[in-house]
Amino acid sequence: MNAEGTGRLTAALAAAATSWKAQPLFLLASTADVYAWQQRPLKEEDCVQPSTPYSASKLGAELAAEQVARCCGLKVIITRPFPASGAGQDESFWIPARSRMLREVKRNGWAVVPVGDLTAVRDFVHVDDVADAYALLLKRGTPGEVYNIASGRPVTLDEIHTRLEQMLEIEPKREVDSSQVRREARPYLVGDAAKLRAATGWSPRRTLDDILRDVLDAQKN
């Protein structure tokens, strides 16, 4: 769906643009999950090797947009955001799911909380910082280029879990639940956004605590 939809959209945009005075700029939100697994911060020139259907579909979207750019002259910028979170994110994602679980632990006075593998390292970016990066790239980005959107701050899921517990003022015992262990999850996903900074001056303005606090506050309602 990502690949086919992007191909159709960019082709239609390129066709319509023939009658416009200015060529439009198409910014594609792909994902950092297209990269091959590496135990270091990832750069745009690193090898791509999607390992899930979602990441494969996103790489397909990149290729579709690039093909239209080559054959029809459409201006395309590709972004690869690293994991983003913030207020209102669906609870199918890890941070809001953990936040909801720990709020239930506090509300019910439970002594134990089930967990999966908390050793994975991630690079979380506040969703508002991602939106800022998109806006800046539309003004200052170079068509035909790929840009990572990343904080460059590695953090384990264990550290995030602990910080959520501290914010909620709870100390439950953790018990591993095998059903929560994702075998396909990569152990390390951290990005290098030097290229984005050089092009736009962007840097993340919100901290990990800002992300967690916004998620927790949104779930109060």
Side-chain angles (χ1 to χ4, degrees), residues 25-46 48 54-55 58 61-62 76-100 102 118-143 145-168 185-220:
L25 173 60
F26 182 83
L27 189 145
L28 175 65
S30 183
T31 175
D33 282 329
V34 300
Y35 288 115
W37 291 18
Q38 299 280 359
Q39 289 290 127
R40 57 168 175 74
L42 293 158
K43 297 183 178 182
E44 289 83 356
E45 61 267 25
D46 282 327
V48 292
Y54 170 76
S55 58
K58 280 294 193 178
E62 291 187 20
V76 173
I77 290 175
I78 292 171
T79 66
R80 291 174 180 162
F82 282 68
S85 190
Q89 186 177 33
D90 189 273
E91 291 176 15
S92 61
F93 292 89
W94 193 84
I95 286 180
R98 282 289 94 188
S99 173
R100 177 65 69 188
L102 291 171
L118 300 181
T119 64
V121 177
R122 291 292 180 267
D123 179 345
F124 280 99
V125 190
H126 195 291
V127 65
D128 290 348
D129 283 324
V130 176
D132 289 346
Y134 290 156
L136 285 168
L137 283 169
L138 286 169
K139 294 179 180 178
R140 305 173 191 171
T142 301
E145 295 294 329
V146 177
Y147 296 92
N148 286 340
I149 303 176
S151 73
R153 301 179 298 230
V155 60
T156 65
L157 299 187
D158 180 86
E159 291 172 291
I160 295 174
H161 204 285
T162 297
R163 191 68 189 112
L164 285 169
E165 292 173 354
Q166 291 170 343
M167 288 180 169
L168 290 167
R186 62 173 75 201
Y188 192 95
L189 182 61
V190 177
D192 182 332
K195 184 176 178 179
L196 173 61
R197 285 195 302 274
T200 69
W202 177 91
S203 63
R205 295 189 293 132
R206 290 87 173 176
T207 65
L208 177 63
D209 273 6
D210 291 330
I211 295 174
L212 303 183
R213 195 174 295 110
D214 285 353
V215 171
L216 287 167
D217 287 348
Q219 290 180 343
K220 290 179 180 178

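Atom set for the values below is all heavy atoms of this structure, side chains included, hydrogens, waters and symmetry mates excluded.
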Once you round to the nearest 0.5 Å, how far does [atom1] of [X] lie from [atom2] of [Y]?
X	Y	atom1	atom2	answer
D209	H126	CG	NE2	11.0 Å
D128	D210	CG	CG	9.5 Å
I77	S30	CD1	OG	14.0 Å
L189	R186	CG	CZ	5.0 Å
R206	I211	CZ	CD1	10.0 Å
E145	L196	CD	CG	12.0 Å

Among side-chain atoms of T156 and E159, is any donor-acceptor pair under 3.5 angstrom?
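Short answer, yes.
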Just checking, any donor-acceptor pair under 3.5 angstrom between side chains of S92 and D90?
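Distance-only check passes for S92 and D90.
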Is there side-chain contact between [X] and [Y], with at least one heavy-atom pair below 4.5 Å?
X	Y	answer
T200	L137	yes
E91	S99	no
W37	P187	yes

Closest approach of [X] to [Y] (non-hydrogen atoms, all atoms of both residues):
X	Y	answer
D46	P41	OD2-O, 4.3 Å
S55	D33	CB-O, 3.4 Å
V190	P154	CG2-CB, 3.8 Å
R205	D129	N-OD1, 3.1 Å
P81	Y134	CG-OH, 3.4 Å
A150	D192	CB-N, 4.3 Å

Applying side-chain contact (heavy atoms from CB on, under 4.5 Å), run through W94 and I160 and close with a yes or a no.
CA-CA 10 Å; W94 193 84; I160 295 174; 3.6 Å; yes
Are the charged groups of R163 and D158 less than 4.0 angstrom apart, N to O?
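A salt bridge is absent here (no side-chain N lies under 4.0 Å from a carboxylate O).
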Using 4.0 Å as the upper bound for N to carboxylate O, is an ion pair formed by K195 and E44?
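K195 and E44: not salt-bridged.
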Backbone N/O of [Y] and side chain of [X]: donor-acceptor pair under 3.5 Å:
X	Y	result
D123	G152	yes
R197	W202	no
Q89	V127	no
N148	L42	yes

side-chain contact (heavy atoms from CB on, under 4.5 Å), that's the test. Do V215 and Q219 meet it? Break it down for me.
CA-CA 6 Å; V215 171; Q219 290 180 343; 4.1 Å; yes
Please test I95 against F124 for side-chain contact (heavy atoms from CB on, under 4.5 Å), starting from the C-alpha separation and ending with a verdict.
CA-CA 10 Å; I95 286 180; F124 280 99; 3.7 Å; yes
In sequence, state the C-alpha distance, the side-chain angles, and the governing distance for L157 and T119, and then conclude on side-chain contact (heavy atoms from CB on, under 4.5 Å).
CA-CA 6 Å; L157 299 187; T119 64; over 6 Å; no
Does R80 make a cation-pi contact with Y35, if we ask for NZ or CZ under 6.0 Å from the ring centre and within 45° of the axis?
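Positive - R80 is close enough to the ring of Y35 and near enough to its axis.
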Crowded around K43 NZ? As in, over 12 foreign heavy atoms under 6.0 Å?
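Open.
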